Amino acid sequence: MKAAIIGFGKMGQAIAKGWIDKKVFNPEDILASSGSYDRLMDACEKLNTTPMPSNAEAIANADVVILAVKPKMIADAMQECRDLLAASDKWIVSVAWGIDCEELEKLLPGSHHISTIPNTAIEAGCGIMIYENQSTLTQDQKALFVELFEPVSMLVEIPKAQMNIAGILGGCAPAFTEMYLEALGDAGVAYGLKREQAYEIAAKMIEGVGVLYLNQKNHPGMMKDDVCSPGGSTIRGVMQLEKEGFRSAVISAVQAIADPKK
Ligand SMILES: NC(=O)C1=CN([C@@H]2O[C@H](COP(=O)(O)OP(=O)(O)OC[C@H]3O[C@@H](n4cnc5c(N)ncnc54)[C@H](OP(=O)(O)O)[C@@H]3O)[C@@H](O)[C@H]2O)C=CC1
Ligand SMILES: O=C(O)[C@@H]1CCC=N1
């Protein structure tokens, strides 16, 4: 099986790296096409993926197509490929933000497609991939979708009305968490830790909290209470975060994306 990745930027490359690392695809079976051919050549040289001269040629030679261009670029990028996609049993996984099944059907009528929102951690094989419960994939294609993406991500099926909010938590919030990681690193450095060591400690801490929640499903407030010994140190930091509006700032950040006009 061969995969065409249309749009070989941050997300296109993250998927390719995750797949190569988990041996889902041989690098050369990932056919990449992108905007600037020079940038594409550089990226493909690093990953040993196959650079393709056009989107149409990448798609013609692949079984599955990952659509990883910016949402506004889809119509342009796929113009020459619409007929081929409608007439074949090639199937498309869109990762484009805000493009649901109905929208994608307008852009690529009659094709087999599924709308998803992945996150950058797919590169490390521990991503999240939100996917819409409605798609035009056949049963066999849906099974292949799971086979390709389960090794690199947790798959979460979501109805159309909740794609946006689920996508924000899974796909956008990594940036918030990375800011938190950076801030902890800065604080560690301010108190004398080496930066690399500060980031490593903070990153492992974030990973551990996630795993602990997923294993036990205890309420996060209870998990926090478990860390705060009576009269101890942690509660002083927790109180300061409350004073600074930490939780409220996080909710506002989500709102800024969910209700951009607010
Ligand atoms: N980054 C993330 O964390 C996430 C991104 N997404 C979605 O992934 C998609 C890509 O985002 P991201 O990777 O961040 O953006 P990037 O800008 O990094 O990547 C977009 C890529 O598309 C290429 N491109 C531009 N025009 C064309 C064209 N006509 N045909 C083929 N390729 C083209 C660009 O090439 P060049 O730069 O050379 O012009 C670039 O490599 C978006 O739809 C976004 O919503 C979804 C979830 C998370
Ligand atoms: O910022 C964006 O628009 C993309 C979609 C989700 C994460 N990055």
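These numbers come from a predicted model, not from an experiment. In each ligand, atom 1 is the first atom listed, and ligand 1 is the first ligand listed.
The distance criterion of under 3.5 Å between nitrogen or oxygen atoms is not met by G12 with respect to ligand 1. No N or O atom of N119 sits closer than 3.5 Å to an N or O atom of ligand 1. Between I117 and ligand 1, not a single N/O pair is under 3.5 Å apart. Where the criterion is an N or O separation shorter than 3.5 Å, residue side chain and backbone included, R39 meets it with respect to ligand 1. Inclusion of M73 in the set of residues having an N or O under 3.5 Å from an N or O of ligand 1 is not warranted. Considering backbone and side-chain atoms together, G9 places an N or O closer than 3.5 Å to an N or O of ligand 1. At a 3.5 angstrom cut-off on N or O pairs, S33 does not count as close to ligand 1.
Within the 4.0 Å heavy-atom criterion, the part of F8 lying near ligand 1 is the backbone and not the side chain. Contact annotation: for I99 versus ligand 1, there are no heavy atoms closer than 4.0 Å. Contacts of A68 with ligand 1, taken as heavy-atom pairs under 4.0 Å, involve the backbone alone.
Of all protein heavy atoms, the one closest to atom 30 (N) of ligand 1 is N55 ND2, 3.0 Å. Protein heavy atom nearest atom 18 (O) of ligand 1, with residue, atom name and distance: K10 N, 2.9 Å. Nearest to atom 22 (O) of ligand 1 among the protein's heavy atoms is G7 CA, 3.5 Å. In terms of protein heavy-atom proximity, atom 24 (N) of ligand 1 is nearest to G35 N, 3.6 Å. In this structure, the protein non-hydrogen atom closest to atom 29 (N) of ligand 1 is A77 CB, 3.7 Å. Considering only non-hydrogen protein atoms, atom 5 (C) of ligand 1 sits nearest to M11 CB, 4.0 Å. Annotation: atom 15 (O) of ligand 1 to nearest protein heavy atom, K70 CE, 4.2 Å. Nearest protein heavy-atom contact of atom 40 (C) of ligand 1 is S34 OG, 3.8 Å.
Remark: the backbone N or O of K90 is paired with a side-chain donor or acceptor of S88 at under 3.5 angstrom. Side-chain atoms of S34 come within 3.5 Å of backbone atoms of F8 as a donor-acceptor pair (strictly under, hydrogens ignored). The backbone N or O of I92 lies less than 3.5 Å from no partner atom in the side chain of H113, so there is not a single donor-acceptor pair. A distance-only check finds no donor-acceptor pair linking the side chain of Q13 to the backbone of K10 [under 3.5 Å].
Within 6.0 Å of CE on M179 lie no more than 12 heavy atoms contributed by other residues, nucleotides or ligands. Few gaps surround CG on D226; more than 12 heavy atoms of other groups in view lie less than 6.0 Å from it. Counting non-hydrogen atoms of other residues, nucleotides and ligands closer than 6.0 Å to CD of E196 gives a total of 12 or fewer.
Ring to ring, Y131 and F145 are close: their centroids are under 6.0 angstrom apart.
Closest non-hydrogen pair, G170 versus I128, comes out as CA-CD1, 4.2 Å. A pairwise comparison of heavy atoms in D100 and E103 identifies OD1-N, 2.9 Å as the closest pair.
Comparing G171, P118, P174 against atom 47 (C) of ligand 1, the shortest heavy-atom distance belongs to P118. Nearest-residue assignment for atom 43 (O) of ligand 1 (options D76, V95, V69; heavy-atom criterion): V69.
For residues 164-183, no pair satisfies side-chain hydrogen bond (donor to acceptor under 3.5 Å, both in side chains), with sequence neighbours left out.
Of the protein's heavy atoms, at least one falls inside 4.0 Å of atom 7 (C) of ligand 2.
Ring pair W19/F25 is tilted by interplanar angle, where 30° to 60° counts as tilted.
Ligand 1 places these atoms under 4.0 Å from at least one heavy atom of W97: 43 (O), 45 (O).
Ligand 1 has at least one atom lying under 4.0 Å from a heavy atom of T120.
With respect to the salt-bridge test (charged N to carboxylate O, under 4.0 angstrom), the residues K160 and E132 do not qualify.
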Side chain to side chain donor-acceptor pair (under 3.5 Å) between S33 and N55, worked out: CA-CA 6 Å; S33 77; N55 297 339; 2.4 Å; yes

